[in-house]
J.: 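Can you read through this structure? Questions will come right after.
Heavy atoms only: backbone and side chains are in, while hydrogens, waters and symmetry mates are out. Ligands are counted one by one from 1 in listed order, and the atoms in each one are counted from 1 as well.
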Amino acid sequence: MIDQTRLPREEVYVTCRDYREVADAIKTMVIRGAPAIGVAAAMGVALGVEEGADFETVCDTLARTRPTAVNLFWAIDRMRTLHASLAGRPREEVIAAMVREARQVKIEDIAICRAIGDNGASLVPDHKTVLTHCNAGALATAGYGTALGVIRSAINLGKQIDVFADETRPFLQGARLTAWELQQDGIPTTLITDNMAGHFLHSGRIGCVVVGADRIAANGDVANKVGTYSVAVLAKENGVPFYVAAPISTFDLTLSSGDLIPIEQRPASEVTHVYGVAVAPDNIGVENPAFDVTPSRYVTAIITERGVARAPYEVSLRALVENG
Ligand code: MRU
């Protein structure tokens, strides 16, 4: 996996040789982004089986890495179901099947992202700017991206668009990752600080906002990188459509509302320091929730691989799941 903590200054790859290394890579955000975390977890489970480690310990270790992105738990459950179905089979056969399944999760994720992109492309206004937050691109998935997949597909349709990327304090996924990824693709991109979003949403320049998601509750409330909620409110205030692009594996229909989504709290040092340099006085109190929840009334539509859902989300999200 590419080490996302070192981008954009260095393009370095990390090889995980056991499930603990995969768990560490997820925890330390060497790999991040909901679908990418899911793919990594599936591979981690396969590695654990190959090592002959206790299966429940492998699953628990991977599940305890990050709490908010439901794709992590979705992928572990998928691997657990397969493992249970192989009970009593010869060890070599179990290993081969688990490795095949993990690779399949990765292959499917790329296809899903392409379908999300293609389903969302027509929603992107031509000759306008798309605002995005965090990184919901190829780096956050097995490839192509969710929110950035929509942008890529809109460009493939021939639309003349450019992108505004919020820098996304405190971890700077927008500045470090989205800016890097879109630049690699030659997609015209402008970096703004998070507090500039209102200014530009008011300017008339932004045709739509497209973001990813870490968990979507049954009522359409969306957990995504902290700061997404502010962008959504500003978008609605200024009459700009706010789209969420996510695979069905990001749905958590067991939760009736976003208030029930666990929000990861990250270290204070991410807020007080930038690249190891203190930007705040010592011993200052800090809050660092990694995600916030955008109530569904701010969400114009949710773009998935199976189609586009609109309010009432209680009905439309369930219909997408059941029509699978
Ligand atoms: O903390 P991160 O970088 O893992 O958070 C990532 C996000 O919030 C993304 O927007 C989300 O996972 C969607 S990725 C396609």
J.: With sequence neighbours left out, what residues match Glu50 under salt bridge (Lys or Arg N to Asp or Glu O under 4.0 Å)?
T.: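 Partners of Glu50 by the salt bridge (Lys or Arg N to Asp or Glu O under 4.0 Å) criterion come out as none, since no residue qualifies.
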J.: Which residue pairs pass the salt bridge (Lys or Arg N to Asp or Glu O under 4.0 Å) test with at least one member in residues 285-296, sequence neighbours excluded?
T.: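 Every candidate salt bridge (Lys or Arg N to Asp or Glu O under 4.0 Å) pair involving residues 285-296 fails, so no pair, neighbours aside, qualifies.
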J.: With sequence neighbours excluded, tell me which residues meet salt bridge (Lys or Arg N to Asp or Glu O under 4.0 Å) with Glu93.
T.: Arg89
J.: Indicate whether any N or O donor in one side chain lies under 3.5 Å from an N or O acceptor in the other, for Glu270 and Asn288.
T.: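 On atom types as modelled, these side chains qualify, holding a pair under 3.5 Å.
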J.: Determine whether Ile303 and Ile216 fall in the same hydrophobic cluster, where Ile, Leu, Val, Met, Phe, Trp and Tyr are linked whenever their side-chain heavy atoms lie under 4.5 Å apart.
T.: no
J.: For a distance cut-off of 3.5 Å, show me each N or O of ligand 1 paired with any protein N or O, plus the separation.
T.:
from: ligand 1; atom 1: 1 (O); to: Arg66; atom 2: NH1; distance (Å): 3.4
from: ligand 1; atom 1: 1 (O); to: Arg66; atom 2: NH2; distance (Å): 2.8
from: ligand 1; atom 1: 1 (O); to: Lys225; atom 2: NZ; distance (Å): 2.7
from: ligand 1; atom 1: 3 (O); to: Arg32; atom 2: NE; distance (Å): 2.8
from: ligand 1; atom 1: 3 (O); to: Arg32; atom 2: NH2; distance (Å): 3.3
from: ligand 1; atom 1: 3 (O); to: Gln173; atom 2: NE2; distance (Å): 2.8
from: ligand 1; atom 1: 4 (O); to: Gly33; atom 2: N; distance (Å): 3.0
from: ligand 1; atom 1: 4 (O); to: Arg66; atom 2: NH1; distance (Å): 2.8
from: ligand 1; atom 1: 8 (O); to: Asp214; atom 2: OD1; distance (Å): 2.7
from: ligand 1; atom 1: 8 (O); to: Asn224; atom 2: OD1; distance (Å): 3.1
from: ligand 1; atom 1: 8 (O); to: Lys225; atom 2: N; distance (Å): 3.2
from: ligand 1; atom 1: 10 (O); to: Asn224; atom 2: OD1; distance (Å): 2.7
from: ligand 1; atom 1: 12 (O); to: Ala34; atom 2: N; distance (Å): 2.8
from: ligand 1; atom 1: 12 (O); to: Asp214; atom 2: OD1; distance (Å): 3.2
from: ligand 1; atom 1: 12 (O); to: Asp214; atom 2: OD2; distance (Å): 2.9

J.: Answer yes if the side chains of Thr250 and Asn71 hold a donor-acceptor pair under 3.5 Å, and no otherwise.
T.: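 Side-chain D/A pair, Thr250 to Asn71: present.
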